[in-house]
**Q** 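Provided herewith is a single structure, encoded as C-alpha cells, for subsequent inquiry.
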Amino acid sequence: MTKLSSNKNNSEIILELKDVVKSYNSGGTVFTAIKGANLQIKKGEFVSITGPSGSGKSTLMHIIGLLDNPTSGQVLLEGKDISKLQEHQLANLRNKTLGFVFQQFNLLPKTSALENVTLPLIYSDIPSSKRNDLGIEMLTKVNLLDKLKNTPAQLSGGQQQRVAIARALINNPKIILADEPTGNLDSKSGDEIMEFFHHLNKDEGRTIVFVTHDPDLAKQATRMIVIKDGRIC
Amino acid sequence: MTSIGNGLKNYISNQFESLGSNLVYVAPGKIFDDKGRFSNGGGGHFITTSFTQDDISVLKRGLKNTIVFPANQNPVEIKYKNTKKNTTLVGTTVEFGKYRNFLPSENNGRWFTNEENDKKSEVVVLGYQIAQDVFGDINPLNKKIIINGNNLKVIGIVDKKGSSFGGPDLDSFVFIPIKVSNRIVGNDHIQTISIWAENKEDISNIKEEAKKILLSQNYDKEAFSVFDSSQLLSSINTIITALTVALTGIAAISLVVGGIGIMNIMLVTVSERTKEIGLRKAIGANPNAILLQFLIEAVILSCLGGLIGILLGALGTFAISKFFPAQITLSSILLAFGVSSAVGIIFGVAPARKASKLSPIEALRYE
Ligand SMILES: Nc1ncnc2c1ncn2[C@@H]1O[C@H](COP(=O)(O)OP(=O)(O)O)[C@@H](O)[C@H]1O
Ligand SMILES: [Mg+2]
C-alpha cells in the first residue's frame, strides 16, 4: 500500500463521499436509495448514523465499506478514489483497511468460532502457522476464549456478534464499519459491544462508523449523522 | 457399455481359435460382398448350391500342401429312448475332427476312423450340447441313438465350443462318417468344404486357387464363397464395432444424463454458497482466490464421483461378465472419468465464477 501523501490536511480525512448516488433498478423501475451524499470522516472519529428504516443507512454503509458500487459519485479512502482501483486492490482494502460488522453477523455456519475469526487471514499474507495464534488472541479480546470450537449455532446472538467483531478486527483495520451491530441483540449484549467499540476508538485509535436506531447509543458517538429518505441531513 | 463391446471382440477371436486355425472354408452362396462385409444377397444361393465328391477330388489334386475335407449338413431328428431332438447331422471325414479341432478330449471317447468310414460303421460323435440335451446325467458313450431308423453307437462327445456368433451352433450338431450320412440322407451332396493349409502364408494363394478351380468346375461366381477365419473374424468385428458404437452411444447418453445430474448438484451447491462467496469477498477474498477454492473443491468432488462411478461400473461389468463377455478398458475408464470431472469442474466453477463477479453485497443478499 502506498503511504498517504505528506499533505497534512488531506491525511486527516480518512474517508470521503462526494455526491454519491445509489439507484436500484428492480423490474424496470428505478429506485434511488442514496440521493447525493457528501460526507467526510476524519481519522479517529467515532460516528453514528441514524435514520428511519429504509432511509438508506445500510446502502450507505455498504458503499463506504466497498461492498457495493455507487451509481455515481466518488468514494475516497485515505484520499484514493476507489473507482480507479482494480478488483484485487479493492479486496485488499476490504481485507486489511476496513472491518465490517453486519447486523446479521454473517458467520459461516458449520465452522468454528476460531475458523470464522481467522477467515480473513487466508486472504492476507499471514503465514498459516500464525493464524490460529492471532485468532485466539482476538477471541480472547472479545471474551470468547472458552468458545473457540463452537459453531455459530452453538453461540448466543451476542457471542456470535463478538465473533464477527473479532473477525472484523483480525487484520488490524484502521476503520470499523458496523451496520446495526446491536440491532439483533438484547440491551446487555448491546452495551458490551458499545463498550468494546469505545475501547477500540479511544485506546486503539480506530475510526468507527456505526448505524443504530437507538438514540441513546447514537449519542455516545463523537459525531451523529442523520439520514432521511436517502439524504444526509 | 463399451466394455461389453470390447469383451465381445476378444471372446470371438478366442472362439475362432478353438475352431481350428490355418483353415479356408468353401461354402455355398455369396457370404461376403466385395468390401469383405457380410453380403445380404446370398440367401438364395445358400440353400441351393452344393458341392460334389468330384469337386473335392479336383481341389485335392489342384491344391498343394493342403488337406481338403468335405462335410454335408442335413437336418434330422435323433432319438434316444423317449427323448427326441431336432439337430443337424454332419457327415464328414477323419480330418474334420483333427483339423477343425473337434477331437473329443480324454475320457470323452474318440472321433471315428477311416476304416469306420470305409466300412460305413454306424457310429456317431455328439456335440457337447446335444449330448447334454439327450442324455442328461447319463454317460452317452456306447449308447445307441436312432437317426432315420438307423441305430448309431455314440463313440465320442466333442468339448464345448460355445455358439459361434451368427453361425450355426456347433455344440448341437452330431457328426458321423460321410459315407454313412450319404446312405442315411439318401444323397451325396456336400455343403461345405474345409481346406487346411500346412503354411499360414499360403492361405491367400489357396483361396485364389480354390476359387479358380471351382469356377472351372462350372460354378457361378455368385454361387459359392471361399473365405478364411480371419476374414470371417474381421467381418464379425465390423459388426461388433458397430454394436460398440451403439453401446457407446447409450453410454454417452448416460454420461450426459449423469453429467446433468452432477451439474444440478453443483448449481444447487453454488447457489447455496453464493452467500458464502459474498462473505468471503466482503472480508477481502479476491475473486481468483474464490475461483481457486471452488476449482479445488469441484476437482475433488468430481474425481471422487468419477471413482465411485468407475467402481460401480466395474462391479456391473463383473456381474454381466458371468453371462456375457464384457471387459473394462482403460479408454472407457478415462472417458467416464473425463466426462464426470469435466462436467463437475465446469459446472462447479462456472457459477462460482459468476458469483465471484457480483459485488459482495449482491452475493450476500442472494436467495
Ligand atoms: N438490492 C436492492 N434492490 C432494490 N431496492 C433496494 C435494494 N437494497 C435496498 N433497497 C431499497 O433501498 C432503500 C434503502 O434500504 P436500506 O439502505 O437497507 O435502508 P436502511 O438500512 O436505512 O433500513 C429501501 O427502500 C430498500 O427497499
Ligand atoms: Mg439497514
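Values below: all heavy atoms of this structure, side chains included; hydrogens, waters and symmetry mates excluded. Quick note on labels: first sequence line is chain A, next is B, and so on, each numbered from 1.
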**Q** Once you round to the nearest 0.5 Å, how far does CG of A:L90 lie from OG of B:S359?
**A** 11.0 Å
**Q** Please rank B:G278, B:P287, B:A282 by heavy-atom pairs under 4.5 Å with chain A and give me the top one.
**A** B:A282
**Q** Over all heavy atoms of both residues, which pair between A:A91 and B:A285 is shortest? Give the atoms and the distance, please.
**A** CB-O, 3.7 Å
**Q** Using the side-chain contact (heavy atoms from CB on, under 4.5 Å) rule, take B:E362 and A:H62 through it: C-alpha gap first, then chi angles, then the decisive distance, then the call.
**A** CA-CA 10 Å; B:E362 282 170 320; A:H62 295 150; over 6 Å; no
**Q** Relative to chain B, which of A:I122, A:N171, A:L119 shows the most heavy atom pairs under 4.5 Å?
**A** A:L119
**Q** Run the side-chain contact (heavy atoms from CB on, under 4.5 Å) check on A:R94 and B:I283 step by step: do they pass?
**A** CA-CA 6 Å; A:R94 289 180 201 122; B:I283 60 165; over 6 Å; no
**Q** Among B:L279, B:N288, B:L364, single out the residue with the greatest number of heavy-atom pairs under 4.5 Å to chain A.
**A** B:L279
**Q** Counting only heavy atoms not in A:Y24, do more than 12 fall under 6.0 Å of its OH?
**A** yes
**Q** Flag the pair A:L108 / B:E276 as yes when at least one side-chain heavy-atom distance between them is below 4.5 Å, and no otherwise.
**A** yes
**Q** Pick out which of A:L66, A:D68, A:N69, A:T59 makes a side chain to side chain contact (heavy atoms under 4.5 Å, CB included) with B:I361.
**A** A:D68
**Q** When rounded to the nearest 0.5 angstrom, what distance separates OH in A:Y123 from NZ in B:K281?
**A** 11.5 Å
